Amino acid sequence: MQSELKSLSKIFSEVIFRIPDYQRGYSWETKHLKDFWNDIEQLPDDKSHYTGVLTLEPVNPENYRTWEDDTWIIESKHYSPMYVVDGQQRLTTAIILLQCILESIEETELLNYTEKSDIRKKYICEFKGKGIARSYIFGYEKDNPSHEFLKQVIFGDTSINHSTAEETIYTKNLKSAKDFFSEKVKDLSKDDLEYIFTTLTQHLQFNIFYIEKDLDVFVTFETMNNRGKPLSHLELLKNRLIYLSTKFEVDTSESVHLRKAINESWKSIYHHLGKMNKSEIDDDFLRTHFLCYFSDLLDEKFTNPYQARRYFSYGDDYKDYLLDDFFTPKRLKIEVEAGTEETDPCAIEMRPLEIETVFDYSQSIKGLVKTYYQVAHPVAGDWSDVEKEKLSQINRQGSGDIFKLCVAVLHMFEKGTAREVALSSIERFGFLTKLRSYYFDISITELTKKVFAGKLDIDDLTKALTEPSDKFAKSKDFHDSIRTLGKNLNSGYYSWKQLRYFMFEYEQYLRQASKTTRQLLKWADDVSREHYSKDHKTIEHIYPQKANSSYWTQAITGRGYSIKERNMLKNSIGNLLPVSHAKNASLSNKSFEEKKGSESNQVGYRYGCLSEIQVSACKEWTGVEILRRGIYLLDFLERRWNLKIGDASKKADVLGLKFVLSYEKADINSVVNQKMPVPSVPEERIEDRADQIEF
């Protein structure tokens, strides 16, 4: 490998760069951009900064001749075509910053005595003579989704191609980088802008390595990317499959076809995963597909359940198996003598790896990613209305294992009532397990494996989930779990992991009961905060945690309740209400009258979601109202998830609030006979669409 130290200006000297198809896309995040900017901004005038390694591979004519827009600049102007094997993150970042600098100056303005058009010609693109054709100096290979995005969104050029600038994980990062640097340079003086430009192009020093012809570029790629931000296993797997495609002893056309199939598969994967705002999405999808593809193949390999769980349920063993055992070059060298069988027929990694297997895998993973995305985003899926509703409910529960089971169900079973019933059983099972998980001696991962392997039909799946759910619903454990929530002195129902989901489902029930199509409570899919913290920012205590006003002294504190009893009232489910984060902070410890709101104060419950409107119909808020609403919500719990708690007296006992009856000198019948009203949207809000609450 030959190496030398060069500035960006010298690197971009009659060279055309392409990021090859086996490379991941742009993955730098804000923390990396800040470091890059600080390196430039803080560098003294007379100093240079070592920026890192840039490894280049000369592109052979067989490959660059497929670059239809670029052959003229290579063959006529003798630009050297280079693949960026390592260092594409730094190089891409530099070009994005350069583009932002160019966009901040006028067309006729000079930058360090250089015309803008000349800078663009050197680093961005060059026109073919006086014609309209042009070649981009830096970019991706044409089939990469980032190719059009870089031209259209980052460089701001109009494309002649029909394809649009698709959004993927990597294109989002490209856009974020441009936004970051645009903000940094927008208010710089001309002197400061020229300083940044000079530092970027002259003082950042790259250690340039040129890969020699006899060095395996795919192995080099994997080795070098152990530095910096590590490649995900999904990215490493793509590189490995492309590497293997070049090693099969088959016709060149077969190898080319396989490589194209792999690229198309990963293009689809990054297209769908790029639209999902979810952390660790690569690994989650790869494990889901591992369940899909290897459930049947590896079923007899493991000698004990723990070993299987290491691959299918947790840990990174499945990643190592893919790269170290299954898709490995050593399997290309395995020879099996004619008429003999492997000593261990279960050890599939001891059999020769065939080109058909790699192709089949690439098609399988491509086929699953669409289902995976549409299960996560049901509205985009080709599902029935019932399926969309159930999938949305399951996603709100936030269970990773159950999500994978849904992917298996939607991927393996045909449309129909049986599939809708199965999803309903999954939703109910997921909800109940959050009440007392240790009660359920059933593995969702095992069910998922069996569905993917075709060893469990849809009716048996429904039965496998319904029977333990029904058994739990009739057990003492169920009643104890509800009672435990009510009698938890520290936080009560306020700490219930399913509280936010329960309240959202109750809101949907009120929508049906009030016959309104309006959605006044919007589920906020914010993955940047933990689920627990979301509840605390969007659930309001009606009788507040710090009840300092005179209203609460009269309504509750002065009625003789002990501190323990007041805490139980505060955190009982009947005293908890879904509101927006902003409203929660605004209402806080105010009196009930103030919380209800008025025409002059339209922040209150009367102007909220249907659950708030229902509460605002109450004239006062005492222990009786908390008990009544708690019983009413437990009634809904029974109906919604097919459960049985008991009559009103039993529910009061489960809530731990029977003491209210003696303090308020009331009997249970008088409490429940006064029904909670079906809410309706006030007439003045019928045309107002800006009052939707993010919950």
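If you're wondering where the values come from, they're calculated on a predicted model, not measured in any experiment.
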Does K175 come within less than 4.0 Å of D179, counting only side-chain N to carboxylate O?
yes
Can you label the angle between the F181 ring and the W37 ring as parallel, tilted or perpendicular, going by 30° and 60°?
tilted
Whether T466 side chain and K463 backbone form a donor-acceptor pair below 3.5 Å:
no
Please identify each residue that fulfils side chain to side chain contact (heavy atoms under 4.5 Å, CB included) with V672, with sequence neighbours left out.
I631, A648
Check each of R640, Q393, E389, Q519 against Q508 using the side chain to side chain donor-acceptor pair (under 3.5 Å) test, and report the only one that passes.
Q519
Is there side-chain contact between T30 and S176, with at least one heavy-atom pair below 4.5 Å?
no
Donor-acceptor pair, N575 side chain versus N571 backbone, under 3.5 Å?
no
Considering the options E593, E594, K595, which one meets the side chain to side chain donor-acceptor pair (under 3.5 Å) requirement together with S591?
E594
Using 0.5 Å steps for rounding, measure from the CG atom of D477 to the CD1 atom of I482.
12.0 Å
Look up atom OG in S424 and atom CD in E427, then write down how far apart they are to the nearest 0.5 Å.
7.5 Å
M568 to L655 - nearest heavy-atom pair and separation
CE-O, 4.3 Å
Using a 4.5 Å cut-off on heavy atoms from C-beta on, say whether the side chain of M276 contacts that of F285.
no
Backbone of Y26 reached by a side-chain donor or acceptor of N173 within 3.5 Å:
yes
For M503 and P578, work out which heavy atoms get closest and say how close.
SD-CD, 4.1 Å
Quick one: does K390's side chain have a donor or acceptor within less than 3.5 Å of a partner on E420's backbone?
no
Side chain to side chain contact (heavy atoms under 4.5 Å, CB included) between I394 and V375, worked out
CA-CA 10 Å; I394 292 165; V375 168; over 6 Å; no
Going by heavy atoms in the side chains, are L465 and L447 under 4.5 Å from each other?
yes
Interatomic distance, NZ@K275 vs OH@Y373, rounded to 0.5 Å, equals 4.0 Å
Side chain to side chain contact (heavy atoms under 4.5 Å, CB included) between L435 and Q498: does it pass, once the steps are laid out?
CA-CA 8 Å; L435 286 171; Q498 289 284 49; over 6 Å; no
Should the pair K570 and Y543 be classed as cation-pi, given the thresholds of under 6.0 Å to the six-membered ring centre and 45° from the axis?
yes
Side-chain touch R396/Y501, heavy atoms, less than 4.5 angstrom:
yes
If I compare all heavy atoms of R629 with all of I542, which pair ends up nearest, and what's the gap?
NH1-CD1, 4.4 Å
Please check if the number of heavy atoms outside E638 that lie under 6.0 Å from its CD is greater than 12.
yes
State plainly whether the residues D401 and R287 are in salt-bridge range, i.e. N to O under 4.0 Å.
no
Would you call R419 and E387 a salt bridge, taking side-chain N to carboxylate O under 4.0 Å as the test?
yes
Residue pair Q545 / Y494, side-chain donor-acceptor N/O under 3.5 Å:
no
Any sub-3.5 Å donor-acceptor pair from W383's side-chain atoms to Q374's backbone N or O?
yes
Using ring centroids (six-membered ring only for Trp), state whether Y318 and H233 fall under 6.0 Å.
no
Counting only heavy atoms from other residues, nucleotides and ligands, does the tally under 6.0 Å from NZ of K388 exceed 12?
yes
Measure from the ring center of F502 to the ring center of Y493 and say whether it is less than 6.0 Å.
no
Has the side chain of K415 got a donor or acceptor atom that lies under 3.5 Å from a matching backbone atom of D382?
yes
Quick check against the 3.5 Å criterion: does N673 have a side-chain atom that pairs as donor or acceptor with the backbone of N669?
yes
Is there side-chain contact between F312 and T448, with heavy atoms separated by less than 4.5 Å?
no
Can you list the steps and then say if F659 with L569 is a side chain to side chain contact (heavy atoms under 4.5 Å, CB included)?
CA-CA 10 Å; F659 61 81; L569 284 170; 4.2 Å; yes
For F472, run the ring pair (Phe, Tyr, Trp, His ring centres under 6.0 Å) check against W641, F431, F478 and tell me which one passes.
F478
Please check if the side chain of R511 supplies one atom and the backbone of R518 the other of a donor-acceptor pair under 3.5 Å.
yes
A quick test of your reading: do over 12 heavy atoms of other residues, nucleotides or ligands sit less than 6.0 Å from NZ of K178?
yes
Do the side chains of K184 and E41 get close enough for a salt bridge, i.e. N-O under 4.0 angstrom?
no
Considering residues, nucleotides and ligands other than K434, do more than 12 of their heavy atoms fall under 6.0 Å from its NZ?
yes
For H289 and L286, indicate whether the former's side chain and the latter's backbone hold a donor-acceptor pair under 3.5 Å.
no
Check ion pair D480-R483 (N to O, under 4.0 angstrom)
yes
Do D283 and D316 make a side-chain contact, defined as non-hydrogen atoms from C-beta onward lying under 4.5 Å apart?
no
Ignoring hydrogens, what is the shortest heavy-atom contact between R566 and T557? Give both atom names and the distance.
CD-CA, 4.0 Å
Which residues pass the side chain to side chain donor-acceptor pair (under 3.5 Å) test with S611, not counting sequence neighbours?
E507
Going by atom types only, do E664 and T622 share a side-chain donor-acceptor pair under 3.5 Å?
no
Below 4.5 Å, heavy atoms only, C-beta onward: do S649 and K658 meet side chain to side chain?
yes
Which distance, rounded to the nearest 0.5 Å, do you find between the CG of L234 and the CD1 of I269?
5.5 Å
Determine yes or no for a side-chain-to-main-chain donor-acceptor pair under 3.5 angstrom, with K651 supplying the side chain and G646 the backbone.
yes
Taking the side chain as everything from C-beta on, heavy atoms only, tell me whether E446 gets closer than 4.5 Å to K449.
yes
CA sep, side-chain torsions, deciding dist, call: V660, E565, side chain to side chain contact (heavy atoms under 4.5 Å, CB included)
CA-CA 9 Å; V660 171; E565 290 166 338; over 6 Å; no
With rounding to the nearest 0.5 Å, note down the distance linking NZ in K172 to CD in E29.
12.5 Å
Counting only heavy atoms from other residues, nucleotides and ligands, does the tally under 6.0 Å from CG of D385 exceed 12?
no
Give the minimum heavy-atom separation between S572 and L657, together with the two atoms involved.
OG-CD1, 3.4 Å
Where is the tightest heavy-atom contact between L273 and I281, given as atom of each residue plus distance?
CD2-CG1, 3.9 Å
